[in-house]
Number of protein chains: 2
Amino acid sequence: MDKKESILEATLKLTTEIGWVDTSTSLIAKEANVGMGTIYRYFESKEQLFYDLFIRLKQKLNEIVISSFSFEKDPFDNFENVVRNLLLYYTENMREFRYLETYSDLTSEIPERIDDTLLPLEPITNFLNGWNNSFQLKPLPIDVIFGLIYGPLVAIANLVHMKKLVLTDQIISDISEACWDSIIVKN
Amino acid sequence: MDKKESILEATLKLTTEIGWVDTSTSLIAKEANVGMGTIYRYFESKEQLFYDLFIRLKQKLNEIVISSFSFEKDPFDNFENVVRNLLLYYTENMREFRYLETYSDLTSEIPERIDDTLLPLEPITNFLNGWNNSFQLKPLPIDVIFGLIYGPLVAIANLVHMKKLVLTDQIISDISEACWDSIIVKN
DNA sequence: CGCAGCGGAGTGAACGCTCACTCTAAGATA
DNA sequence: TATCTTAGAGTGAGCGTTCACTCCGCTGCG
């Protein structure tokens, strides 16, 4: 296996399993079956390693969201599909989810937090604007609309990770519908 | 000013402003205008100090939620009042909010995460069950219902902290209504 | 043999925490 | 009232440890 990949994988595993504070470079090296020095062949510093992993995971997430859209379907079906893909990704990739959620709290370089949001807003915004004929969005700032969707997803993913909820098709549908109800004007 | 209070205040300030990693005991002492050793008069260890602060902030939050309920009013008004108080607390006390949100990610003692949720579930559950005559809750697990309320609140609070949203009475009402719509069956 | 890739002992800096000491103020004595 | 005694809060230099990072010798392929 690629040494660089091993290091990234080990970092993801350790930070999410034993916590940021206890994840030292020597532990990462041991977990990756790699010498300490090898880490510094591939990464400038520990900080840069953490950052590189963050960027990589974020890009992977973006791809999932973007590929979930298909404008040929019914708006709600399409919405449900995005919610489903995100929920499944978050629940089936707990470590990736946790890393993304907690990375920005590590070294909070205020006031500019790492990035406004983990998800790519444009495709979602385009979706919400592009279907204006078939449903009516509540007159709220787009960021609020987005928060009403993303917030519950994070909360639900945490529930699953804490084993307080098992995701079924029914539950996913219900959650999609709940989010939909919160942002759409009902006739 | 009470030395113990100074230490807790300095810890809250530093962890949220310069990040967990860079917050050392000597920095806390300097920020609190206190000798290094004084910290260890009041707290067993650095870890215990962080934990004590977490518990204290959590209790404060619980009191706010509990005191927001008054069962004499209209169910939606009551719901809106809780949402309003929580949003205002979270936005007006950014450091408290950030500390509570990120503490559990510090040293993730899996599998038992610090606590299931930041908020006291009982009063909310009681509220949701107690008004069954005047509105119909969607048939979802109570944890999911809770996530549908709490998730958006966290997302909105983050928006305000990033200065991407200014809370007005109107926005708060709209958000309350959105959350309400997501969990209540409309006739 | 030569050299690119790698490992891990070594290094200085920074950390959490201790402990011998200072200082303050309340109580005791006269 | 003036002075002495003393308890204990407060202090910060220093200790041992751990950390991120370096550097040099080893390995194995061409």
Side-chain angles (χ1 to χ4, degrees), chain A residues 1-57 95 98-99 102-110 114, chain B residues 1-57 95 98-99 102-110 114:
Chain A
M1 189 183 178
D2 193 315
K3 304 253 174 195
K4 188 176 178 184
E5 291 304 314
S6 296
I7 293 166
L8 287 166
E9 172 64 23
T11 304
L12 178 60
K13 186 177 183 197
L14 289 173
T15 50
T16 52
E17 290 188 1
I18 69 169
W20 291 95
V21 170
D22 296 330
T23 300
S24 62
T25 46
S26 53
L27 257 183
I28 292 172
K30 192 177 286 179
E31 177 68 32
N33 289 316
V34 140
M36 275 257 286
T38 310
I39 291 173
Y40 292 88
R41 295 198 80 69
Y42 295 106
F43 303 96
E44 256 182 29
S45 63
K46 191 194 182 191
E47 201 181 1
Q48 188 67 39
L49 160 61
F50 285 173
Y51 180 73
D52 284 0
L53 179 55
F54 174 73
I55 292 298
R56 170 182 292 229
L57 294 179
R95 294 184 301 168
R98 290 236 74 81
Y99 191 94
T102 62
Y103 172 80
S104 57
D105 299 320
L106 227 208
T107 34
S108 57
E109 53 247 15
I110 32 148
I114 301 302
Chain B
M1 187 184 178
D2 194 313
K3 304 256 172 193
K4 188 176 179 184
E5 290 305 314
S6 296
I7 294 165
L8 286 166
E9 172 63 23
T11 304
L12 177 60
K13 186 178 183 197
L14 288 173
T15 50
T16 52
E17 288 187 1
I18 71 170
W20 292 95
V21 171
D22 296 331
T23 300
S24 63
T25 45
S26 52
L27 257 183
I28 292 172
K30 193 177 286 178
E31 177 68 32
N33 288 318
V34 140
M36 275 259 285
T38 309
I39 292 174
Y40 293 89
R41 286 212 153 272
Y42 294 105
F43 304 97
E44 255 182 31
S45 63
K46 190 193 182 191
E47 202 181 358
Q48 189 66 38
L49 161 60
F50 285 173
Y51 180 72
D52 285 359
L53 179 54
F54 174 73
I55 292 298
R56 170 182 291 228
L57 294 180
R95 295 184 299 169
R98 290 237 73 81
Y99 192 95
T102 62
Y103 172 80
S104 57
D105 299 319
L106 226 208
T107 32
S108 57
E109 52 247 15
I110 33 154
I114 301 304

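Excluded from the calculations below are hydrogen atoms, water molecules and symmetry mates; all remaining heavy atoms, backbone and side chain alike, are included. Below, chains carry the letters A, B, ... as their sequence lines are ordered, and counting in each starts from 1.
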**Student:** CG of B:D22 versus C1' of C:dA14: gap in Å, rounded?
**Tutor:** 12 Å
**Student:** Work out which heavy atom in A:K46 is nearest to a heavy atom in A:T23; give both atom names and the distance.
**Tutor:** NZ-O, 3.0 Å
**Student:** Can you tell me how far P of C:dA13 sits from CG of B:L27, to the nearest Å?
**Tutor:** 19 Å
**Student:** For the pair made of CD1 in B:I28 and P in D:dG12, what is the distance, rounded to whole Å?
**Tutor:** 16 Å
**Student:** Between the protein and nucleotides 6-8 of chain C, list the N/O to N/O atom pairs that are separated by less than 3.5 angstrom.
**Tutor:**
{"from": "C:dC6", "atom 1": "OP2", "to": "A:Y42", "atom 2": "OH", "distance (Å)": "3.0"}
{"from": "C:dG7", "atom 1": "OP1", "to": "A:K3", "atom 2": "NZ", "distance (Å)": "3.1"}
{"from": "C:dG7", "atom 1": "OP2", "to": "A:G35", "atom 2": "N", "distance (Å)": "2.9"}
{"from": "C:dG7", "atom 1": "OP2", "to": "A:T38", "atom 2": "OG1", "distance (Å)": "2.3"}
{"from": "C:dG7", "atom 1": "O5'", "to": "A:G35", "atom 2": "N", "distance (Å)": "3.4"}
{"from": "C:dG8", "atom 1": "N7", "to": "A:M36", "atom 2": "N", "distance (Å)": "3.1"}
{"from": "C:dG8", "atom 1": "N7", "to": "A:G37", "atom 2": "N", "distance (Å)": "3.2"}
{"from": "C:dG8", "atom 1": "O6", "to": "A:G37", "atom 2": "N", "distance (Å)": "3.0"}

**Student:** What is the minimum heavy-atom distance between A:L57 and A:L12, and which atoms define it?
**Tutor:** CD1-CD1, 4.0 Å
**Student:** From A:T11 OG1 over to A:W20 CH2, what is the distance, rounded to the nearest 0.5 angstrom?
**Tutor:** 9.0 Å
**Student:** Students often get this wrong, so: under 4.0 angstrom with heavy atoms, is A:S24 touching a base, only sugar-phosphate, or nothing?
**Tutor:** sugar-phosphate
**Student:** Rounded to whole Å, please give me the gap between NZ in A:K30 and P in D:dC19.
**Tutor:** 11 Å
**Student:** Atom CD1 of B:I18 to atom C1' of C:dA14: distance rounded to whole Å?
**Tutor:** 14 Å
**Student:** Under the side chain to side chain contact (heavy atoms under 4.5 Å, CB included) criterion, do A:I18 and A:L27 qualify, and how do the steps go?
**Tutor:** CA-CA 11 Å; A:I18 69 169; A:L27 257 183; 3.7 Å; yes
**Student:** What's the shortest heavy-atom distance between A:Y99 and A:F50, and which atoms?
**Tutor:** OH-O, 2.7 Å
**Student:** Take the protein atom CH2 of A:W20 and the nucleotide atom C1' of D:dC19, then report the distance between them rounded to whole Å.
**Tutor:** 17 Å
**Student:** Has A:Y42 got a side-chain atom pairing as donor or acceptor with A:L49's backbone, closer than 3.5 angstrom?
**Tutor:** no
**Student:** If I take atom NZ in residue B:K4 and atom C1' in nucleotide D:dG10, what distance separates them, rounded to the nearest angstrom?
**Tutor:** 16 Å
**Student:** Tell me the interatomic distance from B:E47, atom CD, to D:dT18, atom C1', rounded to whole angstroms.
**Tutor:** 16 Å
